Chemist: 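What follows is a structure written as structure tokens; I'll ask about it next.
As the structure lists them, so they are numbered: ligands from 1, and atoms in each ligand from 1. This chain uses plain numbering: 1 for the first residue, then up along the sequence. This one's a predicted model, so the numbers in the text were calculated from it and none came from an experiment.
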Amino acid sequence: MTNLAGCPSIVILTGAGISAESGVATFRDKDGLWSKVRIEDVATPEAFLRDPAGVHAFYNARRRGLGAIQPNAAHQALARLERDFDGDFLLVTQNIDHLHEAAGSRAVLHMHGELQKALCVLCDRRSDWIDDLSVESCCPHCNTAGGMRPDVVWFGEMPYRMEEIYERLADCALFVSIGTSGTVYPAAGFADEARHCGALTVEINLEPTGAALFHETRAGPATSLVPAFVDEILSGSDRPFKKA
Ligand code: APR
């Protein structure tokens with residue numbers, strides 16, 4: 001068992017697996033999204049240039065689907081950890097859904113963007129967006145139509161706030177990867193980076209990814225393993241983690 005006592009700073013990375021038990025499809029599991037749709041058709045800047053209406057339709061359907069889903073016990077446990085942990089805490093997610101926020105997490109770093117936001121490529125400003133987007137959508141900031149895209153990071157684009165993430169990885173004492181296959185960089189390199197800088201690295205996943213980057217792997221569903229892990233952190237025996 002990992003000794004979590006005395007841990008002053010934590011970085012958590014989440015992926016599609018944490019939302020799976022809320023009914024959101026993962027990407028690379030059997031029946032995952034990428035077994036049904038080709039990345040090259042919907043998740044690259046080239047796809048959007050070639051077929052903006054088709055790409056909008058793909059993300060509109062996913063955005064509409066968000067209305068029917070609720071955060072699960074794993075999202076809730078991480079919100080509790082952010083609230084009660086007496087140290088530096090950063091939650092980085094690759095997910096573009098809003099389930100961490102819906103569970104009560106306040107400072108979520110969405111490195112791959114957010115489905116409920118739109119980005120205007122004409123004025124480079126973001127807007128909250130819950131309706132469908134189209135090639136005719138008008139930017140609320142510059143009042144111009146034709147430049148709106150989902151505020152999601154596509155393959156070939158740079159994820160958001162990387163400098164900040166690497167600074168926190170270099171400083172953290174504990175890095176935890178939850179529900180991600182660890183196949184997409186740069187997120188797939190975070191465990192290596194954190195471990196190299198001295199952090200304890202833990203993986204929580206339905207099935208171990210087999211990566212040698214982790215000091216410890218816990219295999220099972222996020223809804224049971226994450227709450228238990230958070231309990232362990234907050235009840236660290238040598239030093240209280242829980243805020244008074
Ligand atoms: N609990 C824990 N882990 C789970 C669960 C569960 N209930 N269900 C599935 N998993 C695990 C799977 O075993 C798999 O290892 O979650 C992982 C999901 O992996 P991917 O589908 O590859 O998703 P992710 O790692 O988030 O993908 C990264 O790829 O396509 C891009 O931009 C997309 O952000 C995404 C990125």
Chemist: Can you label the angle between the Phe214 ring and the Phe175 ring as parallel, tilted or perpendicular, going by 30° and 60°?
Modeler: parallel
Chemist: To the nearest 0.5 Å, what is the distance between OG1 on Thr201 and CG on Leu169?
Modeler: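 Spacing of OG1 (Thr201) from CG (Leu169) equals 11.5 Å.
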Chemist: Please test Cys120 against Arg125 for side-chain contact (heavy atoms from CB on, under 4.5 Å), starting from the C-alpha separation and ending with a verdict.
Modeler: CA-CA 6 Å; Cys120 176; Arg125 278 186 281 185; 5.5 Å; no
Chemist: Between His110 and Glu101, do the side chains contain a donor N or O and an acceptor N or O under 3.5 Å apart?
Modeler: yes
Chemist: Check this for me - ligand 1, Thr183, N or O atoms closer than 3.5 angstrom, yes or no?
Modeler: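 No, there is no polar N/O contact under 3.5 Å.
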Chemist: With respect to Ile204, determine whether any N or O atom, backbone or side chain, lies less than 3.5 Å from an N or O atom of ligand 1.
Modeler: no
Chemist: Hey, which atoms in ligand 1 end up nearer than 4.0 Å to a heavy atom of Ala20?
Modeler: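 So the atoms of ligand 1 that pass are 8 (N).
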Chemist: Below 4.0 Å, non-hydrogen atoms only: which portion of Thr180 touches ligand 1? Side chain, backbone, both or neither.
Modeler: both
Chemist: By number and element, which atoms of ligand 1 are closer than 4.0 Å to a non-hydrogen atom of Gly15?
Modeler: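 This gives 26 (O) as the contact atoms.
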Chemist: For atom 6 (C) of ligand 1, find the nearest protein heavy atom and state the residue, atom name and distance (0.1 Å precision).
Modeler: Gly17 O, 3.4 Å
Chemist: So which protein heavy atom does atom 20 (P) of ligand 1 come closest to, and at what separation?
Modeler: Ser181 OG, 3.6 Å
Chemist: Have a look at Arg218 and tell me which of Glu203, Glu232, Glu207 forms a salt bridge (Lys or Arg N to Asp or Glu O under 4.0 Å) with it.
Modeler: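 Exactly one option meets the salt bridge (Lys or Arg N to Asp or Glu O under 4.0 Å) with Arg218, and it is Glu232.
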Chemist: Report the distance from atom CH2 of Trp154 to atom CD of Glu40, rounding to the nearest 0.5 Å.
Modeler: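 Reported value, rounded in 0.5 Å steps: 14.5 Å.
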Chemist: Got the closest protein heavy atom to atom 9 (C) of ligand 1, with its distance?
Modeler: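 Nearest protein contact, heavy atoms only, for atom 9 (C) of ligand 1 is Asp29 OD2, 3.4 Å.
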Chemist: With respect to Phe27, determine whether any N or O atom, backbone or side chain, lies less than 3.5 Å from an N or O atom of ligand 1.
Modeler: yes
Chemist: With a 4.0 Å cut-off on heavy atoms, is Ala187 in contact with ligand 1?
Modeler: no
Chemist: May I ask which of Ala219, Gly179, Ala188 has a heavy atom nearer to atom 18 (C) of ligand 1 than the others do?
Modeler: Gly179
Chemist: Who's the nearest protein heavy-atom neighbour of atom 32 (O) of ligand 1, and how far?
Modeler: His112 ND1, 3.5 Å
Chemist: Identify, by atom number and element, the atoms of ligand 1 in contact range of Gly220, meaning under 4.0 Å from any of its heavy atoms.
Modeler: 1 (N), 2 (C)
Chemist: Do Val184 and Arg28 have side chains that approach each other closer than 4.5 Å (heavy atoms only, starting at C-beta)?
Modeler: yes
Chemist: Quick one: look up the protein heavy atom nearest atom 2 (C) of ligand 1 and list residue, atom name and how far away it is.
Modeler: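 Result for atom 2 (C) of ligand 1: Leu206 N, 3.4 Å.
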Chemist: Return the CZ to CG distance between Arg126 and Leu119, rounded to the nearest 0.5 Å.
Modeler: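 Going from the CZ atom of Arg126 to the CG atom of Leu119 covers 5.0 Å.
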Chemist: Could you say whether the N/O atoms of Phe155 and ligand 1 ever approach to under 3.5 Å?
Modeler: no
Chemist: Pull out every atom of ligand 1 sitting under 4.0 Å from any heavy atom of Pro221, numbered as shown with elements.
Modeler: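 Selected atoms, number and element: 1 (N).
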Chemist: Considering only the protein, which heavy-atom contact is closest to atom 30 (O) of ligand 1, and what is its distance?
Modeler: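 For atom 30 (O) of ligand 1, the nearest protein heavy atom is Trp34 NE1, 2.7 Å.
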Chemist: With no hydrogens and no angle check, just 3.5 Å: does a side-chain donor-acceptor pair link Ser19 and Asp97?
Modeler: yes
Chemist: Quick one, Leu81 with Ile12, criterion side-chain contact (heavy atoms from CB on, under 4.5 Å). Give me CA distance, side-chain angles, the key distance, then yes/no.
Modeler: CA-CA 10 Å; Leu81 183 59; Ile12 308 264; 4.1 Å; yes
Chemist: Could you tell me if the side chain of Ile18 sits less than 4.5 Å from the side chain of Thr93, heavy atoms only?
Modeler: no
Chemist: Mind checking whether Lys36 and Asp31 have side chains closer than 4.5 Å, heavy atoms only?
Modeler: yes
Chemist: Taking N or O atoms only and a 3.5 Å limit, does Arg28 qualify as a polar contact for ligand 1?
Modeler: yes
Chemist: Within ligand 1, which atoms have a heavy atom of Glu21 less than 4.0 Å away?
Modeler: 1 (N), 6 (C), 7 (N)
Chemist: For atom 26 (O) of ligand 1, which protein heavy atom lies nearest, and how many Å away is it?
Modeler: Ala16 N, 2.8 Å
Chemist: Should the pair Arg64-Asp132 be classified as a salt bridge under the 4.0 Å nitrogen-to-oxygen rule?
Modeler: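 Counted as a salt bridge, because a side-chain N and a carboxylate O are separated by less than 4.0 Å.
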Chemist: Can an N or O of Asn95 be found at a distance shorter than 3.5 Å from an N or O of ligand 1?
Modeler: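 Not met; the criterion fails.
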Chemist: I want to check something: taking the side chain as every heavy atom from C-beta on, are Pro186 and Met111 in contact at a cut-off of under 4.5 Å?
Modeler: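 Yes, at least one pair of side-chain atoms sits under 4.5 Å.
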Chemist: Could you check atom 15 (O) of ligand 1 against the protein and tell me its nearest heavy-atom contact, residue, atom and distance included?
Modeler: Asn205 ND2, 2.8 Å
Chemist: Is the shortest distance from a heavy atom of Gly32 to ligand 1 less than 4.0 Å?
Modeler: no
